[in-house]
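Below is one structure; the comments refer to it alone.
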Amino acid sequence: MIRGLVAFGQNPMASAMRLLTRAGVAVAVTIGLAGCFTIPAQNPSYPATTREIDADLSRMVREPVRLERPVLVLSGYRSPHPVASRLAERLRELTGAERQEMQSLAYIWSGTVEEPARKAVARVEELWPSDDPDWTTEVDVVAISMGGSAFLAQLDDVFADRDYEVVPYAVLRDTWVGARHAAPVGQEPIWVPGRVMLSHHLVSFNRRIHADLARRLRGEEALGKPGEPPSE
């Protein structure tokens, strides 16, 4: 009798496990769907419509260009490599860069800022060696999830006289960093609308950021300008 109950899947524990599994799937689907919906927010400093963004992304795919410098895409803190590699692949599509011109780097087991920085320098030297013992080859760096810590204030003090450009982006409804904490001290980010949920985790998929960033890498006029994000 017991053997028959187990054979036909009527074991009470097994049934309970199936119910829990279905509940877990339902929660995952709900979160996934919520992450697909963008909260409407009009940024006067980034006035392009969704239709214009889509048209421009299609144009860039059709019209590849050559990049001025190699590009290294850095993953976020504790983020697996696909986060950075997917963004690098999308930017290659939008710029026409060859794979050897645009690479990515993840540092999922690194617990400090200094260690990923050393890895990034070593990666640049490995991919694009420099003849200068004191400086690497000049590259553009696209870094995911680099805002929100006191380290930015320290960096601003150390590199106050930097001669390179920093272009910070921010998404609204970012409950991890906050749109108003996503730029170095003294700068405002280029902000874009956020998702219902998981805004921070989905930032690398944001089409508005893709469009503006790709234009900059291509040497074209940018779509967005820095501005103070609204209160969240």
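Since this is a predicted model, take the numbers as computed values, not measurements.
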Can a donor-acceptor pair be found, under 3.5 Å and without considering hydrogens, that links the side chain of [X] to the backbone of [Y]?
X      : Y      : value
Arg208 : Ala48  : yes
Ser199 : Leu172 : yes
Gln103 : Leu127 : no
Ser75  : His81  : no

Under the side chain to side chain donor-acceptor pair (under 3.5 Å) test, residues paired with [X] that sit two or more places apart:
X      : answer
Ser79  : none
Gln187 : Arg162
His200 : Ser145, Asp174
Asp140 : Arg69

- Short N-O contact, Glu89 and Arg99, less than 4.0 angstrom: yes
In chain order, what residues pass the side-chain contact (heavy atoms from CB on, under 4.5 Å) check against [X], with sequence neighbours excluded?
X      : result
Pro70  : Trp128, Val139
Val203 : Ile144, Val171, Ile209
Ser58  : Arg62
Arg51  : Thr49

- Task: Check the pair Glu228, Arg180 against salt bridge (Lys or Arg N to Asp or Glu O under 4.0 Å), reporting the backbone distance first and the verdict last.
- Result: CA-CA 7 Å; Glu228 183 179 0; Arg180 293 192 173 188; 3.6 Å; yes
- Message: Is a donor from one side chain sitting under 3.5 angstrom from an acceptor on the other, for Tyr169 and Asp212?
- Response: yes
- All salt bridge (charged side-chain N to carboxylate O under 4.0 Å, His left out) counterparts of Glu101, not counting sequence neighbours: Arg66
- Message: Suppose we screen for salt bridge (charged side-chain N to carboxylate O under 4.0 Å, His left out). Which residues come up paired with Glu220, at least two apart in sequence or across chains?
- Response: Arg59, Arg218
[X] versus [Y], closest heavy-atom pair with distance:
X      : Y      : result
Pro184 : Val166 : CG-CG1, 4.0 Å
Leu223 : Pro47  : O-CD, 4.3 Å
Pro226 : Ile190 : N-CG1, 3.8 Å
Tyr46  : Ala211 : OH-CB, 4.0 Å
Pro168 : Ala183 : CG-CB, 3.7 Å

Would you list the atom pairs, donor with acceptor, under 3.5 Å between side chains in residues 116-123 and any protein atom, with sequence neighbours excluded?
| unit_1 | atom_1 | unit_2 | atom_2 | d |
| --- | --- | --- | --- | --- |
| Lys119 | NZ | Ser110 | OG | 3.3 |
| Arg123 | NH1 | Glu126 | OE1 | 3.4 |
| Arg123 | NH1 | Glu126 | OE2 | 3.3 |

- Under a single-linkage rule joining Ile, Leu, Val, Met, Phe, Trp and Tyr whose side-chain heavy atoms are separated by less than 4.5 Å, which residues share a cluster with Ile108? Trp109
